[in-house]
Amino acid sequence: MAPVIWHLLGADSRSPYAAVAASNLFFGLGLFVLLNLMRDCGFSDNACERAVAAICFFPTSYFFSLPQSESLFFFLSAGAFAAAVRKQWTLMAIAAIGACATRLTGVFLIAAIALFMLERRRDLPLRAWLALAIAPLGLFAFMWHLHQVCGDAFAFIDIQTTWG
């Protein structure tokens with residue numbers, strides 16, 4: 001999904017500045033969503049600020065500023081959890097679909113949100129579970145896109161052999 005967004009912004013290999021700016025924007029939005037999510041979950045302001053600082057200053061946090069999918073995935077993952085906590089099922093579905101379309105590991109996000117929802121299963125409507133159930137559509141949409149572009153829906157797996 002990130003390459004599609006970069007393309008829409010007009011970024012290419014000769015001019016990646018729009019993609020870098022978008023990555024930084026998504027990272028900042030992800031931090032904001034995480035901060036509010038932690039507050040919604042009852043963490044102290046001190047704990048929230050330390051968590052955000054830890055993410056910002058972790059040695060590999062520079063990946064969030066590169067024109068790759070890490071910052072978009074972070075934003076969508078935090079957004080999906082925040083929407084689940086706030087019981088905004090449509091927003092949760094959109095964010096989870098986006099996360100699954102952005103990275104294959106988005107599928108594991110579904111399991112994590114399902115565990116969160118399982119603890120509250122008595123209070124949740126059927127539409128909450130349906131919203132979670134449609135999240136894999138993002139992965140299937142990405143696979144369809146790969147099939148259209150290169151003829152291989154599993155290109156994201158097959159490329160690993162090329163990289164060794």
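It should be emphasised that the depicted structure is a prediction, and the values quoted were computed from it without experimental measurement.
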*Minimum heavy-atom distance between Cys150 and Ala155, given as atom pair plus value*: SG-CB, 3.7 Å
*Provide the closest heavy-atom pair for Gly79 versus Ala95 in the form atom of the first, atom of the second, distance.*
C-CB, 4.0 Å
_Nearest heavy-atom neighbours spanning Leu35 and Glu49_ = CD1-N, 4.2 Å
*Drop me the distance from Phe43's CZ to Leu37's CG, to the nearest 0.5 angstrom.*
8.5 Å
_So, taking the atom named CE in Met117 and the one named CH2 in Trp89, what distance separates them when rounded to the nearest 0.5 Å?_
5.0 Å
*asked:* Centroid separation under 6.0 Å, is that true for the rings of Phe74 and Phe64?
replied: yes
*asked:* Treating Arg121 as the side-chain partner and Leu118 as the backbone partner, does any N or O pair qualify as donor plus acceptor under 3.5 Å?
replied: yes
*Count the heavy atoms belonging to other residues, nucleotides or ligands that lie under 6.0 Å from CH2 of Trp144, then report whether that count exceeds 12.*
no
*Do Phe63 and Ser71 have side-chain heavy atoms sitting under 4.5 Å apart?*
no
*Check the pair Glu70, Phe26 against side chain to side chain contact (heavy atoms under 4.5 Å, CB included), reporting the backbone distance first and the verdict last.*
CA-CA 9 Å; Glu70 279 76 7; Phe26 286 129; over 6 Å; no
*Determine whether Val20 and Gln68 make a side-chain contact, defined as any pair of heavy atoms from C-beta on separated by less than 4.5 Å.*
no
*Could Arg120 and Phe116 be counted as a cation-pi pair, given that NZ or CZ must be under 6.0 Å from the ring centre and within 45° of the axis?*
yes
*Rounded to the nearest 0.5 Å, how far does CE of Met38 lie from OG of Ser44?*
8.0 Å
*Shared ILVMFWY cluster between Leu124 and Ile134, side chains joined below 4.5 angstrom?*
no
*Is there a path from Val85 to Ile110 through hydrophobic residues (I, L, V, M, F, W, Y) whose side chains come within less than 4.5 Å of each other?*
yes
*Does Phe142 reach the side chain of Leu104, with side-chain heavy atoms less than 4.5 Å apart?*
no
*Do Val107 and Leu132 belong to the same hydrophobic cluster, where Ile, Leu, Val, Met, Phe, Trp and Tyr are linked whenever their side-chain heavy atoms lie under 4.5 Å apart, directly or via other members?*
no
*CG of Leu72 to CG of Leu29: how many Å apart, nearest 0.5 Å?*
10.5 Å
*Would you indicate whether the side-chain heavy atoms of Leu25 and Phe75 approach each other to under 4.5 Å?*
no
*From Asn36 atom CG to Phe32 atom CZ, the distance as rounded to the nearest 0.5 Å*: 4.5 Å
_Measuring only between side-chain heavy atoms, which start at C-beta, is Asp152 closer than 4.5 Å to His147?_
no
_With heavy-atom distances below 4.5 Å as the criterion, would you say the side chains of Thr105 and Phe108 are in contact?_
yes
*Does the side chain of Leu31 reach to within under 4.5 Å of the side chain of Cys56, using non-hydrogen atoms?*
yes
*For residues Ser61 and Ile55, determine if any side-chain heavy atom of one lies less than 4.5 Å from a side-chain heavy atom of the other.*
no
*CG on Leu76 to CZ on Arg103, rounded to 0.5 Å*: 12.0 Å
*Return the minimal non-hydrogen interatomic distance between Ala96 and Ala80, and the atom names on each side.*
N-CB, 4.0 Å
*asked:* Testing the basics here: between Ser23 and Pro67, what is the closest heavy-atom pair and its distance to 0.1 Å?
replied: OG-CA, 3.6 Å
*asked:* Hydrophobic clusters here meaning ILVMFWY residues chained together by side-chain heavy-atom distances under 4.5 Å, can you tell me if Tyr62 and Val52 are in one?
replied: no
_Heavy-atom pair with the smallest gap, counting every atom of Met92 and Ala84_ = SD-CB, 3.7 Å
